[in-house]
Amino acid sequence: MISRGPGLSEFALIERYFRKAGAMRSDVQLGVGDDAALLQSPPGAQLVAAVDTLVAGVHFPHGSPPASIGHRALAVNLSDLAAMGARPAWALLALTLPEVSEPWLEEFTGGFSALARSHDVALVGGNTTSGPLSVTVQILGHVAKSTALLRSRGRPGDLVFVSGTPGDAAAGLAIEQSRLAASSDPDGYLRKRFLYPSPRVALGDCLRGYATACIDVSDGLLGDAGKLAHASGCGVRIAFDDVPVSEQLVSAVGEQRARELALTGGEDYELCFTVPPSEVDRLRHNLPAERWGYCCIGSLSEASGTVVTNKGSVIEFSHSGWDHFGS
Ligand code: ADP
Ligand code: MG
C-alpha cells in the first residue's frame with residue numbers, strides 16, 4: 001500500500017501502469033486485479049521459480065534511466081531461468097517507490113514491458129509500496145520434467161564455454177559511475193551492455209541436451225565458473241587468452257585489462273556452461289558458435305579450485321581483490 005498523495009490513487013496507478021504491462025498469455029486465467037493470480041501450467045512440465053531484488057544505489061546507480069531499471073529488474077530474473085534451460089512465462093513485480101512520478105512510471109513500465117513482451121512473459125501481479133526505491137521481480141517458467149540444467153552436473157574433462165563478451169557491462173557501469181571516461185565509449189555500446197543486458201533465454205533453452213551444467217554470469221565469470229565447478233565437485237581451468245572480449249572493451253581499456261574485466265567484472269548476464277568433449281561436435285554443428293555467440297574458455301578439472309592459465313602457465317589472479325579502475 002502506498003501513501004495517498006494528491007496524485008493517482010493506488011488503484012488507478014495499478015490500472016494504468018501494471019494491468020496491461022507485459023505479454024498477453026492464454027495460460028493466465030486471472031492476472032492483475034484480484035488478490036492473487038491463477039495460472040495454468042502445461043502438463044508434464046516442472047515449474048521453475050526465481051526472484052531477485054534491485055536496490056537503488058546498490059544494484060544500479062541512483063538516477064539510472066527508469067527504462068533501464070525496469071529492463072534490468074526483469075532481465076536478471078530471465079537470466080536465472082535461462083541458466084536452468086527453462087522457458088519464462090509469468091512475472092510478479094514488487095515495487096517500492098519514494099514518490100509516485102508518472103513520467104518515471106511510464107518509462108519504467110515501458111522498459112519492463114518491452115523486454116517482457118519480447119520473451120512472451122505476462123505480468124500477473126505484484127505489490128506497490130512506499131519507501132526507498134527498490135524493485136523485486138519474481139519470475140515463473142517451465143521446463144520439461146527432469147531436463148533442467150543444473151550447476152552440479154559438470155564432470156572433469158568437460159569443456160567450459162561462455163556466451164557473449166563478458167566485461168562490457170562492468171565497463172559500462174564504471175562509465176555510468178564516472179570511474180571510467182565516457183569518451184572511451186564513443187557509441188555508448190558499453191553503457192548499453194550495462195543498462196540493457198540481453199538475457200540468453202533462447203540459448204539456455206537450446207542447451208538442454210548438450211550442456212551438463214550451466215550458470216548465469218552475474219558476479220564475474222571467474223567467480224561464477226568457480227561456483228559451477230564447486231557445485232559439480234570439480235575445479236576449473238580457464239585460459240586467459242581464450243576469454244572473449246569485445247573490440248569496444250579493448251579500445252576502451254586495452255586488451256590486458258579487457259580480459260581481466262571479462263573475468264572479474266560482473267553484471268554480464270551471459271551463460272557459462274559445460275559440454276563433454278564427445279558432445280562438442282554436435283553442439284557446434286546444431287548450435288553454430290557464429291550464430292549463438294559462445295566460445296570455449298577452458299575445462300573442468302579433477303583438482304578443486306579455479307586456475308587461470310596464460311600460454312600454459314598458471315597466473316595469479318585475485319577475484320575479490322581486483323580494483324578494476326583504481327589508480
Ligand atoms: P492486495 O492488497 O490484495 O495484495 P493490492 O491492492 O496490493 O492487492 O493489488 C491489487 C492488484 O494489483 C493485485 O492483483 C496485485 O497483484 C496487483 N499489483 C499491485 N501492484 C502491482 C505491481 N507493481 N505490478 C503488478 N501488479 C501489481
Ligand atoms: Mg488481498
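Every number for a ligand or one of its atoms is a count from 1 in the order of the listing.
- Residue contacts with ligand 1: L93 is placed with a nitrogen or oxygen under 3.5 Å of a nitrogen or oxygen of the ligand (distance criterion only).
- For D34, every heavy-atom contact with ligand 1 shorter than 4.0 Å involves the backbone, none the side chain.
- With sequence neighbours left out, Y294 forms a ring pair (Phe, Tyr, Trp, His ring centres under 6.0 Å) with F161, F273.
- For R237, the CZ atom counts as loosely surrounded, since its 6.0 Å shell holds 12 or fewer non-hydrogen atoms of other residues, nucleotides or ligands.
- In summary, the atoms of ligand 1 found under 4.0 Å from a heavy atom of G125, numbered by their order in the structure, are 16 (O), 24 (N), 25 (C), 26 (N), 27 (C).
- Results of the side-chain contact (heavy atoms from CB on, under 4.5 Å) test with V137 over L93, V51, L95 single out L93 as the only residue that passes.
- Taking distance alone, with nitrogen or oxygen atoms compared against 3.5 Å, G33 approaches ligand 1 more closely than that limit.
- At distances below 3.5 Å, at least one donor-acceptor pair connects side-chain atoms of R19 with backbone N or O atoms of V32.
- For V32, heavy-atom contacts with ligand 1 shorter than 4.0 Å involve the backbone as well as the side chain.
- For ligand 1, the polar-atom distance check finds an N/O of G126 within less than 3.5 Å of one of the ligand's N/O atoms.
- Side-chain contact between Q138 and W90 is absent, with no heavy-atom pair separated by less than 4.5 Å.
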